[in-house]
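Comments concern the structure below.
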4 protein chains.
Amino acid sequence: MTFNDKQIKILETAERLFAEHGFDGTSVRHISKDAEINIAMISYYFGSKEKLLESLLLYRISGFGLELENIIKGDLSYIEKVDAFVDMLVKRIHKNRRIHKIVNFEYSNQFRQINFEGYEQNKKENFNTIANFVKNGQEAGEFNPNINVQMIIPTILGTYFHFYYNKQFYTSLLNINSNSDVDQYVEHQLIPHIKQIIKALLTYEK
Amino acid sequence: MTFNDKQIKILETAERLFAEHGFDGTSVRHISKDAEINIAMISYYFGSKEKLLESLLLYRISGFGLELENIIKGDLSYIEKVDAFVDMLVKRIHKNRRIHKIVNFEYSNQFRQINFEGYEQNKKENFNTIANFVKNGQEAGEFNPNINVQMIIPTILGTYFHFYYNKQFYTSLLNINSNSDVDQYVEHQLIPHIKQIIKALLTYEK
Amino acid sequence: MTFNDKQIKILETAERLFAEHGFDGTSVRHISKDAEINIAMISYYFGSKEKLLESLLLYRISGFGLELENIIKGDLSYIEKVDAFVDMLVKRIHKNRRIHKIVNFEYSNQFRQINFEGYEQNKKENFNTIANFVKNGQEAGEFNPNINVQMIIPTILGTYFHFYYNKQFYTSLLNINSNSDVDQYVEHQLIPHIKQIIKALLTYEK
Amino acid sequence: MTFNDKQIKILETAERLFAEHGFDGTSVRHISKDAEINIAMISYYFGSKEKLLESLLLYRISGFGLELENIIKGDLSYIEKVDAFVDMLVKRIHKNRRIHKIVNFEYSNQFRQINFEGYEQNKKENFNTIANFVKNGQEAGEFNPNINVQMIIPTILGTYFHFYYNKQFYTSLLNINSNSDVDQYVEHQLIPHIKQIIKALLTYEK
DNA sequence: TATGAATGAGGTTTCATTCAT
DNA sequence: AATGAATGAAACCTCATTCAT
């Protein structure tokens, strides 16, 4: 499942446009124009707009095999592992925010004929790994036993994405102007905030 | 700005379809057919598809004036107010999840010519009210002084919406089948979880 | 099931073009251009090219309720009825040869998604009427009992259509130049020939 | 004009697809895929889709040199020769029904740029042979002098093809299920019927 | 000889909107 | 106020053919 240069050009152009205009809001013609590639090549390479998105998923998610295992198997303390995990996860999501935005939007469209199996599979594996880690921490007496494990990831990702989807609002509210300032804010404010709430959740006994 | 019966029929049909198929994925023809109203009336009443969405915002958000003030001004303790606030906010959002989904998706589309002033105004007022409440709590020694106030709302809403946007995934993961089961989960699992993380954040001293 | 003037214009243009170029060989754009009607109106009126053909069938075949009954119930002798029947049938087919050509070609295309129920129904009724007439003639001792009744209609129609489909060849062979000469040949040569073979078949005892 | 293995593979695949989907309904890509041959080879070998059909005509019709002469020159009686001739002709046509179907359909499309010279030449020779045979029979007093000689072949072929083009209808009407049943019907019902009408025509004096 | 990539034209259908009544 | 008809643009996709290797 390898893509040649032109295919990659198409995929990356599509990723940008889908993220900016939505899937329905992006025409194949627009992609072909921005990618400077004959419009017929998109059907030729990918078959259809839907299948183009599936290929894009494959292209992006395929490299998403987790560093999660490495962190959990490492020598850090439980708390340090939480920090490392949140750090890694949010940075990854931030780096690939465009494809995740597309997925978030289109995954909830039940009328769309798109194969999300790989995405779901990936997501489920992550969930299990996290759940096991938390369970071990609870048995070791390090983590609060009264927590909803399944909602940890929605808390992390949801917080990030709500910030990202409302970027226009928060950049105005927080006097952020450039894209690099956004990156700075994510690294030095948002990620610490998420670490803080997750650690508070895991260790705070009511 | 009052709407007659036919206009309301159109608005509520559009809300459902926009939430299900997205803005671009919903055709004016589809709305007119589902609402059982002549297609020309939509342009006649609202001017354009974009302005229909703006009217929908007005129709839904206008009734969104906050009960927040009442909670904050009440006689509860700081902690009890946090509980009451999260409870009210998530229930409101859950009830109006369709229009918020639309807004979330379209607000991040910078190429869309839609007037989101009312939405932004509303959001800003909420932020200020919350910020003041937290500040008072910190000064009263009830809340942790080292927190990112601006990220409280993204944490609450983001967690909810990430759950909602991935409903298909979580209903499978959690063995939730009916819509009323989803409501139950939100009330008895998700809202308590959010309360827990917000209270942990506000009161846990690292 | 009535058609307005524009719809009729489209139907008759389509009939001509389908007969001349085939169904696949005729583009919706071509029809719209020849009919001097906006291309979108064709989808608007008929839904699709396939459904346009179905409407055309309805438009043409609907008026095809048979004079057959009248002939058979009449006061003529059996032989005279055969003459009258062949005469009527071939003239009708000749008049509507274009739609029948289209049907003949597309009916044998099993991959085409077209509803031929009306056509089949009509054809079956004709068959039964003929079969009964012949049976009566046989019982009355007027017709040869050893004949394949089902193949009478294929003989009549097949002979006509093979002539029509190879018109180019026969006009050259027979030195026929104008369209009216073709009509003359059909009336004064082809129809008598068919009458002759059918009567020979029905009355000749080997 | 010899064809190599790949060319023959293409020709036979095209013959099947043209017969099933029509000429316009068959894409070069479809032929190349079914024939498991690179798409560019079709243009390379045959020049164009039209010329591919011409080559197909050549490939099929070329082997169509007549056994007719042998029958007519034989020792049979006039009537026996008619039987043998109809038998031979319909069996040949039935065996090569696909290419004849294509020709019948495309020959009547005057906008198609296809060279049908070979087909017409062949057809004309057959006509002359038949006409001479009938003339001799008439002079010998064996055949009815008052017949339309030119319409004999349309009667034979037309009857067969009308049955074949409406195969779906007749298989339903006659409770024919399998392809071999069709072959049986042609041999034991249709051919005798055609023999009967031709002999009746030729020998029956009104 | 053979191939996969590439092209420009054209296919059908649907779009949001406006017109005429 | 309300309607069905009409419009031109644009949507996605496939076409037969040719190019470069």
Side-chain angles (χ1 to χ4, degrees), chain A residues 4-7 10 21 23-33 36-53, chain B residues 4-7 10 14 23-33 36-53, chain C residues 4-7 10 21 23-33 36-53, chain D residues 4-7 10 14 23-33 36-53:
Chain A
N4 64 36
D5 287 357
K6 291 209 174 188
Q7 287 172 313
I10 292 170
H21 300 83
F23 184 78
D24 284 318
T26 303
S27 71
V28 172
R29 193 166 289 153
H30 194 171
I31 297 170
S32 80
K33 196 167 286 178
E36 293 175 313
I37 276 171
N38 185 287
I39 189 172
M41 294 311 292
I42 292 181
S43 288
Y44 178 72
Y45 279 136
F46 300 101
S48 70
K49 198 175 147 186
E50 275 77 15
K51 285 184 186 161
L52 167 58
L53 178 50
Chain B
N4 64 36
D5 286 357
K6 290 204 175 184
Q7 287 172 314
I10 293 169
F23 183 78
D24 284 317
T26 303
S27 72
V28 172
R29 197 167 273 115
H30 194 172
I31 297 170
S32 81
K33 191 169 287 177
E36 292 175 314
I37 276 170
N38 184 281
I39 185 171
M41 293 311 293
I42 292 181
S43 289
Y44 179 74
Y45 278 139
F46 300 99
S48 72
K49 196 176 155 188
E50 277 77 15
K51 286 183 185 161
L52 166 59
L53 177 51
Chain C
N4 64 36
D5 287 356
K6 292 208 173 187
Q7 287 171 316
I10 293 170
H21 300 83
F23 183 78
D24 284 317
T26 303
S27 71
V28 172
R29 192 166 290 156
H30 194 170
I31 297 170
S32 80
K33 197 167 285 177
E36 293 174 315
I37 276 172
N38 184 287
I39 188 171
M41 293 310 293
I42 293 181
S43 288
Y44 178 72
Y45 278 136
F46 301 101
S48 69
K49 198 175 148 185
E50 274 78 14
K51 285 185 184 160
L52 167 59
L53 177 51
Chain D
N4 63 36
D5 286 357
K6 290 203 175 186
Q7 286 172 314
I10 293 170
F23 183 77
D24 284 317
T26 303
S27 70
V28 172
R29 196 166 275 115
H30 195 171
I31 298 170
S32 81
K33 192 169 287 179
E36 293 175 315
I37 277 169
N38 185 282
I39 186 173
M41 293 311 292
I42 293 180
S43 289
Y44 179 73
Y45 278 140
F46 300 100
S48 71
K49 196 177 155 187
E50 277 76 15
K51 286 184 184 160
L52 166 60
L53 177 52

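Values in this document were obtained by computation on a predicted structure and should not be read as measured data. Order of the sequence lines fixes the chain letters, A, B, ..., with proteins taken first and strands second; residue numbering starts at 1 for each chain.
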Touch class at under 4.0 angstrom, heavy-atom based, for Thr26(D) against every strand present: sugar-phosphate
Sugar-phosphate, base or nothing in reach of Ser27(B), heavy atoms under 4.0 Å: sugar-phosphate
Interatomic distance, Lys33(C) atom NZ to Ser27(C) atom OG [nearest 0.5 angstrom]: 8.0 Å
Residue met sooner reading DNA chain E from 5', once Arg29(D) and Lys6(D) are mapped to nucleotides: Lys6(D)
Sugar-phosphate only, base, or nothing, as touched by Tyr45(D) at under 4.0 Å among non-hydrogen atoms: sugar-phosphate
Closest non-hydrogen atom pair between Arg29(B) and Ile39(B), with its separation: CA-CD1, 3.8 Å
First encountered from the 5' end of DNA chain F, between Phe23(D) and Met41(C): Met41(C)
Nucleotide pairing, DNA chain E (Watson-Crick or G-U, distances under 3.5 Å), in dot-bracket with [ ] and |: .||||||||||||||||||||
Asp24(A) CG - dA16(E) P separation (whole Å): 11 Å
Validation row: Ile10(A), Phe46(A) side chains within 4.5 angstrom (heavy atoms): yes
Chain D contact limits on DNA chain F, taken 5' to 3' with a cut-off of 4.0 angstrom to heavy atoms: dC15(F) to dT18(F)
Verdict with supporting geometry, Asn4(B) and Tyr45(B), side chain to side chain contact (heavy atoms under 4.5 Å, CB included): CA-CA 10 Å; Asn4(B) 64 36; Tyr45(B) 278 139; 3.6 Å; yes
Closest heavy-atom pair and its distance - His21(C), Asp24(D): O-OD2, 3.9 Å
Trace of the side chain to side chain contact (heavy atoms under 4.5 Å, CB included) decision for Leu52(C) with Val28(C): CA-CA 10 Å; Leu52(C) 167 59; Val28(C) 172; 6.0 Å; no
Nearest-angstrom distance from the residue atom NZ of Lys49(B) to P of dT14(E): 15 Å
Heavy-atom pair of closest approach, residues Lys6(D) and Ile37(D): O-CD1, 3.5 Å
Between dT1(E) (P) and Ile42(D) (CD1): distance, integer Å: 16 Å
Residue mapping more 5' on DNA chain E - nearest nucleotide basis, Ile37(D) or Ile37(A): Ile37(D)
Whole-Å distance separating the NE2 atom of His30(C) from the P atom of dT12(E): 11 Å
Ser43(A) side chain to Ala40(A) backbone, donor-acceptor under 3.5 Å: no
5'-most by nearest nucleotide on DNA chain F - Tyr44(A) or Asn38(C): Asn38(C)
Heavy atoms of other groups near Asp5(B) CG, more than 12 under 6.0 Å: no
Touch class at under 4.0 angstrom, heavy-atom based, for Ile39(D) against every strand present: base
Spacing of Phe46(D) atom CZ relative to dA2(E) atom P, expressed in whole Å: 12 Å
